[in-house]
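See below for the structure under consideration.
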Amino acid sequence: DWNNALICYELQLQSQPMDIFCHIKMFECQRSLVQYSVMIRNVDGLLLNLPQNSNDPNSQELIEEVACCGLQAAWRLGDWKQVEQRAATCKTHNFETGLAKCLLYLRNGETESFKKELEASRSNILSNLSSACGESYERAYPYIIHTQMLCDLQLWFKAAG
């Protein structure tokens, strides 16, 4: 239950407010509960309080993941100005960020950028899908859905173009 999980993460953050991993899990709950505006406010608040100049690569990776959570919420809200700003700073490449960037490029008519991002996203998914298929259908299913979503985007691009 996402509501109960969200409450648990919020309680945990009261005692450990700088636990970035806990924040990321809270953002996942907020995304699943369609609390995108709240998610963006929390992401921005956390980013303001985090040391941005840390030399620790693990810390930088988590900060990057937090920033990408804001990108996920922004495209779901259809706030393309925020998507553009956040996409420029989000270096992490996963399905969510790839999808956000593909949608942005489609919206802006950036054909070559769209094709490049679509291919990178597809390649990323297929590498995960191949290993997941060897384990179970349940493990592979999300990657199959992601592949279908990218195929739908590509079809829409061809039909619009």
Side-chain angles (χ1 to χ4, degrees), residues 2 6 20-21 23-133 137-161:
W2 291 110
L6 180 59
I20 298 174
F21 181 76
H23 276 281
I24 291 169
K25 291 299 183 182
M26 182 183 73
F27 299 147
E28 287 178 24
C29 293
Q30 290 171 336
R31 185 183 66 218
S32 295
L33 293 168
V34 193
Q35 296 178 353
Y36 307 131
S37 296
V38 173
M39 189 174 160
I40 286 178
R41 277 195 312 272
N42 288 336
V43 164
D44 291 344
L46 179 59
L47 289 173
L48 284 174
N49 291 315
L50 289 175
Q52 299 293 321
N53 55 358
S54 170
N55 291 331
D56 178 17
N58 291 332
S59 176
Q60 285 301 318
E61 191 173 305
L62 288 172
I63 291 170
E64 177 70 23
E65 194 170 342
V66 168
C68 290
C69 288
L71 176 62
Q72 293 173 27
W75 79 258
R76 284 178 167 86
L77 286 170
D79 188 340
W80 298 108
K81 185 176 180 179
Q82 274 200 55
V83 171
E84 197 154 359
Q85 292 168 349
R86 292 173 189 276
T89 61
C90 187
K91 306 294 184 261
T92 300
H93 199 279
N94 59 34
F95 175 73
E96 287 286 334
T97 59
L99 182 62
K101 290 176 182 180
C102 281
L103 290 169
L104 178 65
Y105 297 143
L106 268 177
R107 185 176 188 281
N108 292 344
E110 299 175 42
T111 304
E112 290 307 312
S113 295
F114 170 77
K115 289 177 183 177
K116 183 179 173 184
E117 189 63 42
L118 183 71
E119 189 55 41
S121 295
R122 183 175 284 130
S123 177
N124 187 23
I125 290 170
L126 292 178
S127 67
N128 291 322
L129 179 61
S130 64
S131 63
C133 283
Y137 178 76
E138 288 81 17
R139 174 119 160 67
Y141 186 74
Y143 299 112
I144 295 168
I145 297 300
H146 292 166
T147 304
Q148 181 62 52
M149 291 171 75
L150 293 180
C151 286
D152 290 346
L153 262 182
Q154 187 174 26
L155 289 173
W156 188 82
F157 169 76
K158 285 180 181 178

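- Rounding to the nearest 0.5 Å gives a distance of 5.0 Å between CZ of F27 and CG of L46.
- Note on K81 versus E84: no salt bridge recorded, every NZ/NE/NH1/NH2 to OD/OE distance being 4.0 Å or above.
- Note that CG of L104 and CG of L99 are 11.0 Å apart. Values are rounded to the nearest 0.5 Å.
- Scored by the disulfide bond (SG atoms under 2.5 Å apart) test, C90 finds C68 as partners (sequence neighbours excluded).
- In this structure, Y105 has no ring pair (Phe, Tyr, Trp, His ring centres under 6.0 Å) partners at least two apart in sequence or on a different chain.
- In this structure D44 satisfies the salt bridge (Lys or Arg N to Asp or Glu O under 4.0 Å) test together with R86, sequence neighbours excluded.
- Between L118 and F157, the closest side-chain pair of non-hydrogen atoms is not below 4.5 Å.
- The nearest pair of heavy atoms linking A73 to I40 is CB-CG1, 3.5 Å.
- For the atom pair R31 CZ and Q72 CD, the distance stands at 4.5 Å (nearest 0.5 Å).
- Not counting sequence neighbours, the partners of F95 by the ring pair (Phe, Tyr, Trp, His ring centres under 6.0 Å) test are H146.
- Side-chain contact between H23 and N42: absent, with no pair of heavy atoms (C-beta onward) separated by less than 4.5 Å.
- By the side chain to side chain contact (heavy atoms under 4.5 Å, CB included) test, A100 is found to be paired with L71, W75, residues two or more places apart in sequence or in another chain being considered.
- The two atoms that bring R139 and P142 nearest to each other are O-CD, 3.5 Å, heavy atoms only.
- With sequence neighbours left out, the salt bridge (Lys or Arg N to Asp or Glu O under 4.0 Å) criterion links E96 to R76.
- The distance from atom CG of L129 to atom CZ of R122, rounded to the nearest 0.5 Å, is 12.0 Å.
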Extract all donor-acceptor atom pairs below 3.5 Å that involve side chains of residues 108-116 and protein atoms in other chains or at least two apart in sequence.
residue	atom	partner	partner atom	Å
N108	ND2	E110	OE2	3.3

Let me see the working for S37 and L77 under side chain to side chain contact (heavy atoms under 4.5 Å, CB included), right down to the final yes or no.
CA-CA 8 Å; S37 296; L77 286 170; 3.9 Å; yes

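- The salt bridge (Lys or Arg N to Asp or Glu O under 4.0 Å) analysis of residues 99-109, with sequence neighbours excluded, yields no pairs.
- The closest donor-acceptor contact from the side chain of S32 to the backbone of E28 lies under 3.5 Å.
- For the atom pair SG (C133) and CG (L126), the distance works out to 9.5 Å, reported to the nearest 0.5 Å.
- For C69, the disulfide bond (SG atoms under 2.5 Å apart) test picks out no residue, with sequence neighbours left out.
- Annotation: side chain to side chain contact (heavy atoms under 4.5 Å, CB included) contacts of N128 (sequence neighbours excluded): N124, Y143.
- Scanning all heavy atoms of the two residues, the minimum distance from T92 to E65 falls at OG1-N, 4.5 Å.
- Between N94 atom CG and I125 atom CD1 the span is 10.0 Å, to the nearest 0.5 Å.
- Test I145, D152, L153, T147 against M149 for side-chain contact (heavy atoms from CB on, under 4.5 Å) and you get one pass: I145.
- With sequence neighbours left out, E138 forms a side chain to side chain contact (heavy atoms under 4.5 Å, CB included) with S136.
- In terms of heavy atoms, L62 sits closest to I24 at CD2-CD1, 3.8 Å.
- Side chains of E117 and H93: a donor on one and an acceptor on the other come within 3.5 Å.
- Residues satisfying the ring pair (Phe, Tyr, Trp, His ring centres under 6.0 Å) criterion with F21, sequence neighbours excluded, are absent altogether.
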